[in-house]
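Working notes, structure below.
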Amino acid sequence: MAGNVIEIGDAEFKREVLEAREPVLVDFTATWCPPCRIISPILDALATEYQGRMKFTKIDADTNQETAQQYGIRALPSLLVFKDGKVVKQLVGAMPRKRLEEELRSHLSVTHA
């Protein structure tokens with residue numbers, strides 16, 4: 001696990017993503033993918049910043065092909081945001097932190113003081 005990003009596989013996908021109470025970002029990645037390495041520290045930082053409002057996970061698309069195929073992953077990195085077990089947002093490719101934050105903001109859980 002890197003920071004607050006949880007590494008998952010096909011076996012944990014249902015429990016960690018589909019059954020999660022909070023919104024979940026799934027980073028479909030691979031060790032050989034340079035854009036995946038570029039976006040990884042951004043996701044680590046956002047996972048810390050959005051802790052309790054969104055869960056951040058990453059799944060290796062090469063070693064977990066069942067899940068990658070189920071969601072039609074054709075390019076890496078692919079980021080899917082799930083709410084209540086359903087995909088509500090899909091982002092493909094590395095992007096600057098500011099753009100990623102703008103894309104994710106509307107999907108964060110509301111925190112209650």
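- Between Ala30 and Asp62, the shortest heavy-atom distance links the atoms CB-OD2, 3.7 Å.
- In this structure, Ser78 contributes its side chain and Gln90 its backbone to no donor-acceptor pair below 3.5 Å.
- Follow the hydrophobic side-chain contacts under 4.5 Å out from Leu91 and you reach Val5 in the same cluster.
- Side-chain atoms of Val26 and Thr67, non-hydrogen and from C-beta on, never get closer than 4.5 Å to each other.
- For the 3.5 Å distance criterion, the side chains of Ser106 and Lys89 fail to qualify, holding no donor opposite an acceptor.
- No more than 12 heavy atoms of other residues, nucleotides or ligands sit less than 6.0 Å from atom CZ of Arg74.
- Residue pairs satisfying the disulfide bond (SG atoms under 2.5 Å apart) criterion with at least one member in residues 50-83, sequence neighbours excluded, are absent.
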Quick one, Leu43 with Leu79, criterion side chain to side chain contact (heavy atoms under 4.5 Å, CB included). Give me CA distance, side-chain angles, the key distance, then yes/no. CA-CA 10 Å; Leu43 295 176; Leu79 307 174; 4.0 Å; yes

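- Within the 4.5 Å cutoff, side-chain heavy atoms of Val81 are placed close to those of Met54.
- Both Ile8 and Leu18 are part of a single hydrophobic cluster, where members link through side-chain heavy atoms under 4.5 Å apart.
- Contact detail for Gly9 and Ile59: the closest heavy-atom pair is C-CD1, 3.9 Å.
- In terms of hydrophobic clustering, with Ile, Leu, Val, Met, Phe, Trp and Tyr side chains grouped at heavy-atom distances under 4.5 Å, Val88 and Tyr50 are assigned to a common cluster.
- Rounding to the nearest 0.5 Å gives a distance of 10.0 Å between CG of Asp27 and CG of Leu80.
- Distance check: Thr48 OG1 to Phe56 CZ gives 9.0 Å after rounding to the nearest 0.5 Å.
- In terms of modelled atom types and a separation under 3.5 Å, the side chain of Arg53 and the main chain of Leu108 share no donor-acceptor contact.
- In this structure, Leu104 is not a member of the same hydrophobic cluster as Val92, with clusters built from ILVMFWY side-chain heavy atoms closer than 4.5 Å.
- Of all non-hydrogen atoms in Glu16 and Ile6, the two that sit nearest each other are OE1-CD1, 4.1 Å.
- We find that Glu49 and Arg97 are joined by a salt bridge, their nearest charged nitrogen and carboxylate oxygen being less than 4.0 Å apart.
- The main-chain N or O of Thr31 is found under 3.5 Å from a side-chain atom of Arg37 such that the two form a donor-acceptor pair.
- Of the inter-residue distances, the one linking Leu46 atom CG with Gln51 atom CD reads 12.5 Å to the nearest 0.5 angstrom.
- Between Tyr71 and Phe13, the ring planes are tilted. Angles from 30° to 60° get that label.
- Note that CD of Glu101 is 12.0 Å distant from CE of Met95, once rounded to the nearest 0.5 Å.
- Contact of the Lys58 side chain with the Cys36 side chain is not registered, since no non-hydrogen atoms from C-beta on lie closer than 4.5 Å.
- Here the shortest heavy-atom pairing between Pro23 and His107 reads CG-O, 2.9 Å.
- Smallest separation of non-hydrogen atoms from Pro77 and Pro35: CD-CB, 3.7 Å.
- Linking ILVMFWY residues whenever their side-chain heavy atoms come closer than 4.5 Å, directly or via other members, places Phe28 and Trp32 in the same cluster.
- For Arg99, the salt bridge (Lys or Arg N to Asp or Glu O under 4.0 Å) partners are Glu103, not counting sequence neighbours.
- The distance from the CG atom of Asp44 to the CG atom of Asn4 is 8.5 Å, given to the nearest 0.5 Å.
- Asn64 and Asp10 get closest at one heavy-atom pair: OD1-N, 2.8 Å.
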